[in-house]
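Inspection log for the structure reproduced underneath, given as structure tokens.
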Protein chains: 2
Amino acid sequence: MAESDEGQDIGRPERISEAEHAVMEALWEHSPLTAADVADKVGKSREWSLATVKTLLSRLVAKHAVATEPDGRRFLYRPLLERADYVGGESRRLVDRLFGGRAAPLLAHLAEAEALSDDDIAEIEALLRELKQ
Amino acid sequence: MAESDEGQDIGRPERISEAEHAVMEALWEHSPLTAADVADKVGKSREWSLATVKTLLSRLVAKHAVATEPDGRRFLYRPLLERADYVGGESRRLVDRLFGGRAAPLLAHLAEAEALSDDDIAEIEALLRELKQ
DNA sequence: GGCTTCAGATTACATATGTAGTCGTATAGG
DNA sequence: CCTATACGACTACATATGTAATCTGAAGCC
């Protein structure tokens with residue numbers, strides 16, 4: 001048992017795998033969805049069987065990242081974890097692990113790898129202006 | 001067999017796990033090192049037995065991320081994969097997976113999460129100036 | 001030269017993850 | 001009513017990962 005029996009499930013953000021993340025993206029884009037809907041959306045890019053998508057959805061429910069609500073004889077799935085939280089967490093983890101928590105070196109790396117377009121640069125400048133005032 | 005038998009091992013960057021990454025950090029900081037040395041350095045933060053570190057080193061050698069050279073009856077380990085390459089790859093993967101390859105949204109997220117210090121901001125501004133000229 | 005010791009090699013084992021298939025059952029169609 | 005289906009639940013299984021312990025052989029110490 002993860003949390004001592006009884007009591008609501010606060011905190012403890014269970015790790016979401018890459019495959020699971022793909023499913024989350026489908027739900028973030030639009031929800032609620034049935035398993036078939038999700039399989040459909042995700043199936044565009046990955047070649048997953050419906051069974052696979054169902055497994056991933058179950059795991060996400062077990063991890064409290066997705067909630068279900070009955071809809072007749074089936075379920076509608078809806079994200080519990082918000083995309084911003086997930087994305088923020090993952091970004092943070094990477095920056096912490098690889099750059100000692102500093103964002104600047106990350107940016108430097110992306111810049112070096114030509115991963116920054118002119119638009120990106122303009123956007124980042126705007127962001128900084130906003131942060132400073 | 002990973003690459004058709006015979007022929008040098010070009011490309012195919014095998015994925016390095018988080019635990020393995022910790023070992024790489026030790027080697028990037030200073031190399032070559034013996035397994036015991038690595039265990040020592042890594043042991044500062046993680047509570048790993050020497051056996052564990054040896055396993056991780058072996059796996060890294062199998063993944064061609066680390067090379068060995070005999071030193072008497074033991075090995076000296078030295079990174080083959082460069083830190084910049086690893087870090088660049090991981091950053092890229094994250095940005096691609098979560099931000100459609102755009103760096104600006106990543107930065108926005110870090111900013112929102114207060115993950116940007118004043119120093120960071122100054123540093124990033126300097127970076128941008130450099131990029132623009 | 002035999003015993004201890006230290007190093008890498010091999011084996012172990014639980015959990016996570018990717019990827020499905022099968023089971024049981026409620027329901028919709030005939 | 002009975003049957004074909006469509007779902008979720010359960011089971012499966014290979015590989016990856018975290019975390020070690022054990023085996024084997026060479027080196028050094030008495």
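Here is the naming used below: chain letters follow the sequence lines, and residue numbers restart at 1 for every chain. From a predicted model like this one, the values you see are computed outputs, not experimental measurements.
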* Asked: Do L107(B) and I121(B) share a hydrophobic cluster, counting only Ile, Leu, Val, Met, Phe, Trp and Tyr and linking them when any side-chain heavy atoms are less than 4.5 Å apart?
  -> yes

Are OP1 or OP2 of [N] and a side-chain N or O of [X] less than 4.0 angstrom apart?
X	N	result
T52(B)	dA20(D)	yes
K63(A)	dT17(C)	yes
S17(B)	dG18(D)	yes

Rounded to whole Å, how long is the line connecting atom [atom1] of [X] with atom [atom2] of [N]?
X	N	atom1	atom2	answer
L50(B)	dA21(D)	CG	C1'	12 Å
L57(B)	dA9(C)	CG	P	11 Å
L60(B)	dG8(C)	CG	C1'	15 Å
K54(B)	dA21(D)	NZ	C1'	11 Å
E69(A)	dG8(D)	CD	P	13 Å

Distance-only donor-acceptor test, [X] side-chain atoms vs [N] base atoms, 3.5 Å:
X	N	value
R73(B)	dG28(D)	no
S49(A)	dA20(C)	no
R15(B)	dT15(D)	no
R59(B)	dG18(D)	yes

Non-hydrogen side-chain atoms of [X] and [Y] separated by less than 4.5 Å:
X	Y	result
L60(B)	L81(B)	no
L80(A)	V61(A)	no
T68(B)	L76(B)	no

* To do: Please work out if T55(A) contacts a base, only the sugar-phosphate, or nothing of the nucleic acid, heavy-atom cut-off 4.0 Å.
  => base

* Structure fact -> Assign each of A35(B) and E20(A) the nucleotide of DNA chain C bearing its closest heavy atom; nearer the 5' end lies the nucleotide of A35(B)

* Within a reach of under 6.0 Å around CD of E69(B), are more than 12 heavy atoms found that belong to other residues, nucleotides or ligands? -> yes

From the options [options], select the nucleotide whose nearest atom is closest to the side chain of [X].
X	options	result
A51(B)	dG18(C), dA20(D), dA20(C)	dA20(D)
L56(A)	dT19(D), dG8(C), dT19(C)	dT19(C)
A19(A)	dT19(D), dG18(C), dG8(D)	dG18(C)

